[in-house]
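So the structure is just underneath, and the comments pick up after that.
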Amino acid sequence: MYAIAVHGGAGALPAELVSSEKRARYVQGLSLAVDAGYAILEAGGSSLDAVAAAVRVLEDDPLFNAGCGAALTREGWAELDAAIMDGKEQRAGAVASVRHVRNPVDLARRVMEKSRHVLLVGAGAEEFALEEGLPLVANTYFRTEERRFQLAAAQKGREVSELMPDARGSRGVEGASSSGPAPIGSQGTVGAVALDGRGNLAAATSTGGLTNKRQGRVGDSPIIGAGTYAKNGVCAVSATGHGESFIRAVAAHHIACAVEYRHLTLEAAVRELIHSRIPALGGSGGVIAVGPSGEVVMDFNTQGMFRAARSSSGWRQVAISASAETETRSA
Ligand code: ASP
């Protein structure tokens with residue numbers, strides 16, 4: 001038995017997504033990613049290779065908030081985070097706040113396989129990428145027209161900047177405005193989880209983070225146990241959503257613990273996190289997870305989540321909204 005699931009972020013579904021042309025582009029991107037990972041599993045490859053390949057496809061697709069097409073900081077930079085974890089030996093690698101690494105998931109994997117560390121950030125991570133000969137690009141490579149537009153729209157919603165003194169002469173609260181918090185948020189973080197034919201689980205996640213984020217802000221995606229986690233015999237998890245809530249919930253590890261120690265089914269463990277624990281912290285989002293028997297769970301508390309999955313039982317699904325729009329099941 002082998003299986004793979006991918007996500008391309010969770011959130012509100014903008015009206016234009018209902019338009020069939022844009023929807024078709026998302027479906028195509030998700031399909032390419034899930035099929036790239038599945039082809040590796042089908043050929044007897046490892047879950048680690050499968051999740052890395054699937055995430056790489058989504059990083060290269062400008063529609064998604066990872067790699068090319070990443071969400072932008074409030075100064076207009078793309079700052080990327082990624083992680084990968086091998087459930088067999090529980091090895092992990094992650095990078096955060098990198099600005100020039102074309103495929104951050106590949107650098108995360110090098111950190112796991114070629115360094116003594118788990119998480120490298122900023123300049124140190126990029127120096128390591130250089131030493132490893134990974135492709136480096138100008139930051140403009142990541143910044144699409146659409147992300148610039150989203151940043152401008154988010155910043156228009158800000159009435160009081162953090163740097164402006166408030167009425168009492170003290171520093172304003174970040175994001176504070178008379179009409180509530182400034183709109184920050186994004187969509188399109190990407191991730192993959194897989195089980196291979198040898199029973200090994202793996203997870204990977206990659207993101208540009210939240211639109212209009214502060215420089216140096218790191219979300220849940222590269223934090224092992226928060227946005228990404230894998231342990232053989234238990235589950236592999238990749239999350240998307242409001243990263244601060246997922247970090248505080250230690251979300252991915254919370255799911256694994258619920259399965260391992262409380263003996264919840266993977267579905268029940270994911271449900272508890274997504275529909276109870278994350279909302280209790282004021283957050284929203286979704287996760288994809290796969291268990292040791294190839295069971296795939298994809299759940300979210302937002303309007304939609306870009307997602308796709310495929311298993312050796314012949315099941316294949318690509319979906320965006322709450323219902324599974326395209327599903328095939330062969331005997
Ligand atoms: N979880 C990501 C972060 O907070 C964002 C997302 O999934 O959209 O960086």
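Start at 1 and go down the list; that is how both ligands and their atoms are numbered. Quick caveat, the model's predicted, so the values are computed rather than measured. These numbers come from the heavy atoms of this one structure, side chains and all, not from hydrogens, waters or symmetry mates.
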Under 3.5 Å between some N or O of ligand 1 and some N or O of [X]?
X	value
Thr240	yes
Asp220	yes
Gly219	no
Arg217	yes
Thr189	yes
Gly241	yes

Check Leu41, Asp49, Leu201 against Asp196 for a side chain to side chain contact (heavy atoms under 4.5 Å, CB included) and give me the one that passes. Leu41
Can a salt bridge be assigned to the pair Lys213 and Glu244 using a cut-off of 4.0 Å between side-chain N and carboxylate O? no
Could you check whether Asp61 pairs with Arg25 (Lys NZ or Arg NE/NH1/NH2 to Asp/Glu carboxylate O, under 4.0 Å)? no
Any side-chain donor-acceptor pair under 3.5 Å between Thr228 and Thr205? yes
Between the side chains of Asp60 and Asn103, is a donor N or O closer than 3.5 angstrom to an acceptor N or O? yes
